[in-house]
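Below is one structure, written out as structure tokens, with a few remarks after it.
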Amino acid sequence: MPALTGYDPAALEAYLASEGQPAFRAGQVLDWIWKKKAASVEAMSNLPAALREKLAAAFRLHALEHTTTQGSGDTTRKFLFKLHDGRYVESVLIPANPALYGERSDRRTLCVSSQVGCAYGCKFCASGLAGFSRNLDAAEIAGQVLMAERLSGERVDNLVFMGMGEPLANLENLLAAVSIITSPWGLHLGARHLTISTSGLVPQIRQLAEHPQQIRLAISLHGATDEVRGQIMPVNKKWGTAELFDALDYWNSRKKQHLTLEYILIEGVNDHLEQARILANHARRLKAKVNLIPYNTVEGLDWKRPSENQCRAFRDILKNAGVSATLRLEKGHDIDAACGQLRLKQETEEGIIEAPMKVR
Ligand code: SAH
Ligand code: SF4
């Protein structure tokens, strides 16, 4: 059974017309789903009872079933969702101002998954550990936002496609979800509040540069040279840094928003200060911000974050070169980036995937 959350007005009107229903019913149904956040089709009280029965028999309302939540209140919360085929994905809700001193956080960012597993196999990442299983469809991607809003009772202000999976390897479903998320009839979130993160799929970066909406782009760089990047990111063998930076120049020629370069700091792997100098040159030329992320330990992997002093020294080289660079050292954010670990644990326990055996 398809999920209603994957339908846009045209698709829903077509279905309703085939059932002899007027087109305006589509707007009513979508309003119940995305605005009133109905818990069931039965709850859609301005629809005729016969239509509600028909919809309930032909569709699931939601594509996701909430399984567990880690964290609570005004802190970072991780939601685990079960999919119709028994697989799992997770989304992470991050308050912008964690209420450390008792005040409420005022903005919330949701980190969304785009695939079950990931085919790109970056050596440091939990999402790629058990390989790739399948793409999420539009209802499963957009549904994460709807579920997070329903579960938290709060509005999501920002979306980052930085959960499990490589969003640009699932571009068609991703853009269908973006359309639902940004549409006035859907979640009506501005495209400028959406950031897609990619490990560097060059053809898709160029394709996305032509997209009419002002979506933001973040690049998982993690190495400033082919030598360093190639050691930890197999994708760099297909599209090296020169090709990647060409594609980013092209992006800049088409888009107004500044790029973000993400750079995980891993001790002894990519934290050499020479990398910071090279990174600074690239970032300056691309007018990109750099987001430095001290590595979050992943169970089963041997990588470590560098000392705080080393992280600061790395950042200072960027800053002194005139690059806008952020570095978050607090441990409290550990839950943020380590997306993929919750589903890995759940699916391993259920025997859906084998316990990944991977050492550095
Ligand atoms: N596949 C896309 C989006 C998902 S990964 C991409 O790679 O960009 C989102 C971000 O989390 C990436 O920058 C990724 O490199 C980073 N990441 C993965 N594992 C991490 C870890 N253990 N600690 C910190 N960041 C991690
Ligand atoms: Fe996939 Fe991104 Fe993880 Fe690399 S960092 S394995 S591309 S999810």
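Values below: all heavy atoms of this structure, side chains included; hydrogens, waters and symmetry mates excluded. Note that the numbering runs from 1 along the sequence shown for the chain. Keep in mind it's a predicted model, so treat the numbers as computed, not measured. Counting convention: from 1, in listed order, for ligands and their atoms alike.
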Query raised in the report: Of the choices A126, G163, S127, G165, which has the non-hydrogen atom that lies closest to atom 2 (Fe) of ligand 2?
Result: G165

Query raised in the report: Out of I264, T198, I293, who gets a non-hydrogen atom closest to atom 26 (C) of ligand 1?
Result: I264

Using heavy atoms and a threshold below 4.0 Å, how should the contact between [X] and ligand 1 be classified: side chain, backbone, both, or neither?
X    : answer
V298 : side chain
E166 : both
F124 : both
I219 : neither

Query raised in the report: Atom CG in N135, atom CG in N170: separation rounded to 0.5 Å?
Result: 3.5 Å

Report summary line: Taken to the nearest 0.5 Å, the spacing of I205 CD1 from D246 CG works out to 11.0 Å

In terms of atom number and element, which parts of ligand 1 are under 4.0 angstrom from non-hydrogen atoms of [X]?
X    : value
H222 : 13 (O), 14 (C), 15 (O)
M162 : 4 (C), 5 (S), 9 (C)
F161 : 3 (C)
S199 : 6 (C), 7 (O), 8 (O)
E262 : 10 (C), 13 (O)
Y295 : 21 (C), 22 (N), 23 (N)

Measuring from non-hydrogen atoms of [X] to any atom of ligand 1, is the shortest distance under 4.0 Å?
X    : value
G163 : yes
W303 : no
G165 : yes
M164 : no

Does the pair [X]/[Y] count as a salt bridge with the N-to-O cut at 4.0 Å?
X    : Y    : answer
K78  : E90  : yes
R285 : D249 : yes
E210 : K255 : no
E140 : R134 : yes
E267 : K304 : no

Query raised in the report: Would you say G121 contacts ligand 2, with heavy atoms under 4.0 Å as the rule?
Result: yes

Query raised in the report: What protein heavy atom is closest to atom 3 (Fe) of ligand 2, reported as residue, atom name and distance in Å?
Result: C125 SG, 2.3 Å

Requested in this report: May I ask you to list the atoms of ligand 2 that are less than 4.0 angstrom from any heavy atom of S199?
Outcome: 7 (S)

Requested in this report: Run the numbers for me: atoms of ligand 2, each under 4.0 Å from some heavy atom of Y120, listed by number.
Outcome: 7 (S)

Query - Stacked cation flag R305 on Y295, 6.0 angstrom / 45 deg - result: no

Query raised in the report: With a 4.5 Å limit on heavy-atom distance, are the side chains of T225 and R229 in contact?
Result: no

**Report entry** Side-chain heavy atoms of L83 within contact of Y88, under 4.5 Å
**Finding:** no

Query raised in the report: For the residue pair Y7 and F59, is the inter-centroid distance of their aromatic rings smaller than 6.0 Å?
Result: yes

Query raised in the report: Ring centroid separation for F314 and H272, is it under 6.0 angstrom?
Result: no

Query - Under 3.5 Å donor-acceptor, K35 side chain and G186 backbone - result: yes

Query raised in the report: Which bit of C122 gets closer than 4.0 Å to ligand 2, counting heavy atoms only: side chain, backbone, both or neither?
Result: both

Query raised in the report: Counting backbone and side-chain atoms alike, does C118 have an N/O/S atom under 2.8 Å from atom 1 (Fe) of ligand 2?
Result: yes

